[in-house]
Amino acid sequence: MKVLMIIPAYNEENSIVRTVSSLKKAKIKNGTLDYIIVNDGSTDKTKEICEKENLNYIDLPMNLGIGGAVQTGYKYAYENNYDIAIQFDGDGQHDASYINDLVIEIEKGNNVAIGSRYVADLSEFRSTALRRFGSSFLSFLIKLCTGRKIYDPTSGFRAADKEVIALFASDYPTDYPEPDTIVTVIKGGYKVSEIPVKMNERISGKSSLSSPFKAAFYMIKVSVAIIVSGLSHKRREK
């Protein structure tokens, strides 16, 4: 079993070394665990730190956004024949101790496994009320379009099997892709599971949705994307 951790990184100079260190301590029971940092055109010293610390990284010549960075990781996973790819944020919010649990979910026959903040409340760190409301609304919208309840549709901590790696390597949304791609895989007939995980407060930096205007724009854009995906995607042929 070959497992790849995909770490999209934009201006994560203060957290990237600690993030990789946590991954190096993580263990999976059946296979090997590798990682690749995708430096998404950072304007700080992220690239220099990756070089200095001899970290595994791909350097994008310009900022593609989260979708382009993550898809780069899936392309790398596909071209290097990984069995499972797991998205893992570079800001320190994700807890590496749950990696093996996600791998087990894929081994059970699921195509996608999501690390969820809301299946069970394990985290001492809590997101804002507005963010929780937004997540609940997107969860409602996904259920409306797919018939499936997903508790944490914006979680960036999730695993994909070989079939979904190939799918995401060829087609992946550019902006805020997590809710949109959940609809894609459910409508496509792929098996999706959620497991409870603990999330941490980010080590440094701030969310891309830090202002009310950006948050409102995000909700409108993602809601439209969910509806369009729900109407357009068909089940895959097995």
Side-chain angles (χ1 to χ4, degrees), residues 1-13 15-24 26 28 31-42 44 46-47 49-51 53-96 98-100 102-103 105-106 110-115 152-182 184-185 190 192 197 199 202 205 208:
M1 180 76 69
K2 290 176 59 181
V3 180
L4 177 71
M5 305 300 299
I6 299 171
I7 311 172
Y10 178 67
N11 292 349
E12 301 292 0
E13 63 181 7
S15 58
I16 195 64
V17 171
R18 192 183 306 182
T19 297
V20 172
S21 295
S22 73
L23 292 179
K24 289 181 177 179
I28 57 173
T32 58
L33 185 67
D34 300 326
Y35 74 90
I36 189 72
I37 299 164
V38 183
N39 179 40
D40 189 22
S42 295
D44 66 355
T46 299
K47 178 182 177 181
I49 290 172
C50 288
E51 291 177 341
E53 300 293 331
N54 197 29
L55 305 181
N56 304 327
Y57 77 101
I58 297 170
D59 186 47
L60 300 180
M62 63 184 70
N63 179 252
L64 298 183
I66 184 63
V70 171
Q71 186 178 29
T72 299
Y74 280 116
K75 286 180 179 290
Y76 181 89
Y78 176 74
E79 291 170 1
N80 289 277
N81 199 35
Y82 279 91
D83 299 295
I84 298 173
I86 302 178
Q87 294 171 222
F88 195 84
D89 286 354
D91 59 11
Q93 285 193 301
H94 296 161
D95 190 329
Y98 294 100
I99 290 172
N100 192 62
L102 290 173
V103 171
E105 287 298 301
I106 299 298
N110 295 294
N111 302 105
V112 174
I114 300 169
D152 196 352
T154 63
S155 173
F157 189 18
R158 56 183 185 168
D161 73 350
K162 216 165 191 175
E163 193 172 357
V164 175
I165 288 172
L167 174 67
F168 287 168
S170 64
D171 184 20
Y172 202 76
T174 303
D175 295 324
Y176 311 116
E178 285 84 7
D180 190 1
T181 49
I182 288 172
T184 298
V185 294
Y190 296 93
V192 180
V197 299
M199 295 282 187
R202 64 174 62 240
S208 59

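- With rounding to the nearest 0.5 angstrom, the CD1 atom of I37 is 9.0 Å from the CG atom of L23.
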Practice problem: Starting from the C-alpha separation in whole Å, work towards a yes-or-no answer on side-chain contact (heavy atoms from CB on, under 4.5 Å) for I49 and V17. | Solution: CA-CA 8 Å; I49 290 172; V17 171; 3.5 Å; yes
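- Minimum heavy-atom separation, P177 to I66: CD-CG2, 3.6 Å.
- Across all their heavy atoms, E13 and T46 have their closest contact at N-OG1, 3.3 Å.
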Quiz prompt | Test side-chain contact (heavy atoms from CB on, under 4.5 Å) applied to I86 and R158, step by step | solution = CA-CA 6 Å; I86 302 178; R158 56 183 185 168; over 6 Å; no
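- A distance-only check finds no donor-acceptor pair linking the side chain of S15 to the backbone of G92 [under 3.5 Å].
- Atoms OH and OG, on Y57 and S42 in that order, are 11.0 Å from each other to the nearest 0.5 Å.
- T174 places no side-chain N or O within 3.5 Å of a backbone atom of G67 that could act as its donor or acceptor partner.
- Counting heavy atoms from C-beta outward, T72 and I6 have side chains that stay 4.5 Å or more apart.
- Side-chain N or O atoms of D161 include one that pairs as donor or acceptor with a backbone N or O of V164 at under 3.5 Å.
- Rounding to the nearest 0.5 angstrom, the gap separating the OG atom in S155 from the CD1 atom in I114 is 7.0 Å.
- Every residue two or more places apart in sequence or in another chain was checked for a salt bridge (charged side-chain N to carboxylate O under 4.0 Å, His left out) with D34, and none qualifies.
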Practice problem: Given side-chain contact (heavy atoms from CB on, under 4.5 Å), test M199 with V197 step by step and report yes or no. | Solution: CA-CA 6 Å; M199 295 282 187; V197 299; 4.0 Å; yes
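- Applying the salt bridge (charged side-chain N to carboxylate O under 4.0 Å, His left out) test to D152 and every residue at least two apart in sequence or in another chain returns R117.
- The line from CD of Q71 to OG1 of T181 is 11.0 Å long, rounded to the nearest 0.5 Å.
- No donor-acceptor distance shorter than 3.5 angstrom exists from the side chain of D40 to the backbone of Y10, with no hydrogens or angles considered.
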Practice problem: For the pair Y190 and E163, evaluate side-chain contact (heavy atoms from CB on, under 4.5 Å) and give the outcome as yes or no after the intermediate values. | Solution: CA-CA 9 Å; Y190 296 93; E163 193 172 357; 3.6 Å; yes
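- Here the CD1-CD1 distance, from I165 to I84, works out to 7.5 Å after rounding to the nearest 0.5 Å.
- Judged as a ring pair (Phe, Tyr, Trp, His ring centres under 6.0 Å), and not counting sequence neighbours, the contacts of Y172 are Y74, F168.
- We find the CD1-CG distance between I106 and D83 to be 11.0 Å, quoted to the nearest 0.5 Å.
- Counting only distance, with no hydrogens or angles, the side chain of Y35 and the backbone of N56 share a donor-acceptor pair below 3.5 Å.
- Using a 3.5 Å distance cut-off with no hydrogens or angles, the side chains of K162 and N81 do pair a donor with an acceptor.
- The backbone N or O of V112 lies less than 3.5 Å from no partner atom in the side chain of N110, so there is not a single donor-acceptor pair.
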Self-check item: salt bridge (Lys or Arg N to Asp or Glu O under 4.0 Å) evaluation trace for K47 with D59
Solution: CA-CA 7 Å; K47 178 182 177 181; D59 186 47; 3.2 Å; yes
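- Just one of I99, I7, D89 meets the side chain to side chain contact (heavy atoms under 4.5 Å, CB included) condition when paired with H94; it is D89.
- Of all heavy-atom pairs spanning G90 and T19, the tightest one is O-OG1, 3.1 Å.
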